[in-house]
Amino acid sequence: MPFVGDHNVKADAKGRVAVPSAFRKQFVSDGAVRFVIRKDIYQNCLVLYPEAEWNRKVDELRKRLNDYNRAHKKFKTQFFRGTAELEMDGNGRVLLPKRLMDMVGISKDIVMVGVDQEIQVWCREVYDGGGMDGDEFGDLAEEILGDVDFGEGD
């Protein structure tokens with residue numbers, strides 16, 4: 001099931017953040033809930049990947065990249081740069097690495113956004129000021145999906 005919704009949370013002085021209960025409900029585990037976090041490639045936010053989703057992404061990279069191709073090797077190094085492993089504690093919190101928080105300007109006020117199989121972690125001010133207006137979003141939807149046949153009856 002995809003992660004859905006945006007949730008305002010606060011980081012404590014150590015950088016611990018409570019994962020919203022709507023997201024925590026999706027983890028049925030007998031052991032620890034683990035994540036990998038990294039800076040997003042395109043946006044000024046962090047991306048929190050559940051361990052299983054991260055492993056799927058890494059498997060896909062392995063299939064597509066050749067370690068004996070210089071460009072591929074450079075991309076792979078950059079992709080893994082700044083990643084960190086996190087574990088959710090018994091109180092449903094994760095400790096965000098300070099260096100990653102600083103990289104995207106997160107201090108205390110955070111928005112955690114469910115985007116399919118990942119959770120984006122935004123500075124609240126950046127997130128609140130960065131949305132598209134309706135026309136811009138509509139134009140982008142038309143550009144990307146306008147010629148897709150969704151199989152809806154004729």
Side-chain angles (χ1 to χ4, degrees), residues 1-29 31-67 69-137 139-141 143-144:
M1 182 169 179
F3 295 106
V4 182
D6 45 3
H7 305 271
N8 293 322
V9 296
K10 291 195 182 287
D12 69 11
K14 294 180 181 179
R16 291 178 299 207
V17 177
V19 176
S21 62
F23 297 160
R24 285 197 315 260
K25 291 177 189 175
Q26 295 191 38
F27 301 107
V28 178
S29 175
V33 177
R34 300 177 56 81
F35 299 93
V36 173
I37 193 167
R38 68 180 310 280
K39 173 153 182 340
D40 187 76
I41 294 172
Y42 302 107
Q43 302 179 105
N44 194 32
C45 68
L46 303 176
V47 182
L48 193 60
Y49 299 95
E51 184 177 39
E53 180 61 20
W54 176 257
N55 290 339
R56 279 191 283 281
K57 291 211 178 290
V58 170
D59 287 344
E60 172 136 353
L61 278 176
R62 286 184 183 133
K63 290 176 190 171
R64 294 173 154 242
L65 299 178
N66 175 350
D67 280 345
N69 177 303
R70 289 178 191 194
H72 290 203
K73 191 74 167 180
K74 192 173 187 178
F75 174 84
K76 191 175 184 182
T77 299
Q78 190 64 33
F79 182 83
F80 283 91
R81 177 170 283 166
T83 58
E85 294 179 310
L86 308 179
E87 192 170 308
M88 191 162 52
D89 69 17
N91 294 319
R93 299 175 303 183
V94 292
L95 177 61
L96 301 178
K98 179 158 178 28
R99 65 186 164 78
L100 291 177
M101 291 174 67
D102 290 346
M103 195 181 292
V104 296
I106 292 173
S107 56
K108 185 176 181 180
D109 294 321
I110 296 172
V111 180
M112 295 183 97
V113 184
V115 182
D116 196 13
Q117 298 301 311
E118 63 190 42
I119 300 168
Q120 295 178 350
V121 182
W122 289 84
C123 167
R124 186 176 305 157
E125 284 181 8
V126 173
Y127 182 76
D128 288 345
M132 294 181 181
D133 68 30
D135 286 339
E136 185 180 4
F137 182 64
D139 290 346
L140 187 58
E143 177 184 330
I144 294 171

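Quick caveat: nothing in here was measured; it's all calculated off a predicted structure. Residue numbers run from 1 in the order of the sequence given.
- In this structure, the side chains of Cys45 and Val121 stay at 4.5 Å or more apart for every pair of heavy atoms.
- Separation of atoms CZ (Phe137) and CG (Asp139) is listed at 11.0 Å; rounding is to 0.5 Å.
- The structure places CG of Leu86 at 11.0 Å from CD of Glu51, a figure rounded to the nearest 0.5 Å.
- When atom types are taken as modelled, the side chain of Arg38 and the backbone of Phe79 share a donor-acceptor pair closer than 3.5 angstrom.
- A distance-only check finds no donor-acceptor pair linking the side chain of Asn91 to the backbone of Arg93 [under 3.5 Å].
- Within the 4.5 Å cutoff, the side chain of Asp109 has heavy atoms near those of the Lys10 side chain.
- No more than 12 heavy atoms of other residues, nucleotides or ligands sit less than 6.0 Å from atom CZ of Arg70.
- Met101 approaches Gly15 most closely through the heavy-atom pair SD-CA, 4.2 Å.
- Counting heavy atoms of neighbouring residues, nucleotides and ligands inside a 6.0 Å radius, atom CD of Gln43 exceeds 12 of them.
- The number of heavy atoms from other shown groups lying within 6.0 Å of CZ (Phe80) is above 12.
- Of all heavy-atom pairs between Pro97 and Ile37, the closest is CD-CG2, 4.2 Å.
- Distance check, rounded to the nearest 0.5 Å: CD1 of Ile106 to CG of Leu46 gives 4.5 Å.
- When side chains are defined from C-beta on, Val126 does not count as touching Val104, because their heavy atoms never get closer than 4.5 Å.
- Judged by distance alone, with hydrogens and angles left aside, the side-chain atoms of Arg24 form a donor-acceptor pair with the main-chain N or O of Val19 at under 3.5 Å.
- The shortest distance between side-chain heavy atoms of Thr83 and Trp54 falls below 4.5 Å.
- Summarising the geometry, atom CE belonging to Met112 is positioned 11.5 Å from atom CG belonging to Asn8; distances are rounded to the nearest 0.5 Å.
- Salt bridge status for Glu60 with Lys57: absent, with no side-chain N to carboxylate O gap under 4.0 Å.
- With respect to the salt-bridge test (charged N to carboxylate O, under 4.0 angstrom), the residues Lys63 and Asp59 do not qualify.
- Between Val47 and Tyr49, the shortest heavy-atom distance links the atoms CG1-CZ, 3.4 Å.
- Note: Asp12 CG to Leu95 CG = 8.0 Å, rounded to the nearest 0.5 Å.
- Residues Phe23 and His7 meet the side-chain proximity criterion, which asks for heavy atoms closer than 4.5 Å.
- Across all their heavy atoms, Gly82 and Leu100 have their closest contact at O-CD2, 3.2 Å.
- Taking a cutoff of 4.0 Å between a charged side-chain nitrogen and a carboxylate oxygen, Asp128 and Arg124 do not qualify as a salt bridge.
- Pairing each heavy atom of Met103 with each of Asn44, the nearest pair is O-OD1, 3.9 Å.
- To the nearest 0.5 Å, atoms NZ (Lys76) and CZ (Arg64) are separated by 14.5 Å.
- Phe3 pairs in a side-chain contact (heavy atoms from CB on, under 4.5 Å) with only one of the listed residues (Gln26, Glu53, Gln120), which is Gln26.
- Considering all non-hydrogen atoms of both residues, Leu48 and Pro50 come closest at O-CD, 3.8 Å.
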